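Please read all numbers here as calculations on a predicted model, not as lab measurements. Each residue takes its place number in the sequence, starting with 1.
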Amino acid sequence: MHVSPVTPPALSRRAVIIAAGLGLSATGCRITRDADGTGDGAPSTSSATSSPPDLEPDVGVASEALAQVRGLREALTATTTRLPDLASGLTVVSAMHAAHEASLVDAVPTQAPSTPGTRAYTVPRGRTAALARLAAAEKRLHTSLDALALRAESGDFARLLASMGAGVGQQLARWPQ
């Protein structure tokens with residue numbers, strides 16, 4: 001009697017994406033949930049020790065990205081506070097950075113060392129100079145996000161960072177004048 005081999009069912013695209021999203025174990029992290037299925041969603045290491053665990057490489061990358069995105073948001077806030085007429089032209093950029101920050105904040109555990117702060121952002125006096133300085137900062141962020149994506153060990157996280165960089169690049173292409 002001939003028995004044909006059993007082929008396991010193919011995983012759906014959704015199952016693969018969910019597994020990849022929850023599979024932060026590639027970076028040594030997992031999402032914590034309370035008994036009722038809720039929780040703060042903050043990544044935690046699988047170590048049960050009471051001392052802070054060594055941070056995984058992607059946590060360091062996420063910390064750097066978060067610090068840079070927050071720095072840019074602070075620069076935008078300082079600029080629109082000093083030059084309120086620029087606020088409407090920068091609303092989309094500010095919203096993009098807020099979304100990026102929200103995506104990164106859950107990836108950085110509280111025990112992660114904070115990236116050293118940069119100097120306080122100085123807003124130039126004129127509109128043209130202020131927009132030029134912000135554009136230069138956005139270009140640096142774009143370059144940095146691309147570099148951080150290359151450093152990321154998790155493919156999903158690398159794609160997230162690359163997507164953020166692409167979003168910054170898109171906003172630069174439509175930069176207000």
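In terms of modelled atom types and a separation under 3.5 Å, the side chain of S94 and the main chain of L90 share no donor-acceptor contact.
Residue pairs that meet the salt bridge (charged side-chain N to carboxylate O under 4.0 Å, His left out) test with at least one member in residues 83-93, sequence neighbours left out, are D85-R127. Pairs engaging residues 160-177 under the salt bridge (charged side-chain N to carboxylate O under 4.0 Å, His left out) rule: none recorded [sequence neighbours left out].
Considering CZ of R159 and OG of S154, their distance stands at 7.0 Å, rounded to 0.5 Å. For the atom pair OG1 (T77) and OH (Y121), the distance works out to 11.5 Å, reported to the nearest 0.5 Å. Distance check: S163 OG to D156 CG gives 12.0 Å after rounding to the nearest 0.5 Å.
Residues V92 and L172 do not share a hydrophobic cluster, clusters being chains of Ile/Leu/Val/Met/Phe/Trp/Tyr side chains in contact below 4.5 Å. There is a path of hydrophobic side-chain contacts, each under 4.5 Å, that joins V105 to V168.
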Show me the donor-acceptor pairs within less than 3.5 Å that the side chains of residues 129-138 make with the rest of the protein, sequence neighbours left out.
residue, atom, partner, partner atom, Å
R133, NH1, T122, O, 2.6
E138, OE1, H97, NE2, 3.0
E138, OE2, H97, NE2, 2.8

I'd like a table of donor-acceptor pairs (distance under 3.5 Å, sequence neighbours excluded) in which one partner is a side-chain atom from residues 143-152, with atom names and distances.
residue, atom, partner, partner atom, Å
T143, OG1, K139, O, 3.1
S144, OG, Q68, OE1, 2.4
S144, OG, Q68, NE2, 3.2
R151, NH1, E64, OE1, 3.2
R151, NH1, E64, OE2, 3.2
R151, NH2, E64, OE2, 2.8

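Judged as a side chain to side chain contact (heavy atoms under 4.5 Å, CB included), and not counting sequence neighbours, the contacts of R125 are R82. Shown here are the side chain to side chain donor-acceptor pair (under 3.5 Å) partners of E101, two or more places apart in sequence or in another chain: R70, R73.
Heavy-atom minimum distance, A65 versus L161: CB-CD2, 3.9 Å.
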Kindly determine whether L104 and F157 satisfy side chain to side chain contact (heavy atoms under 4.5 Å, CB included), including the steps that lead there.
-> CA-CA 10 Å; L104 291 167; F157 187 50; 4.0 Å; yes
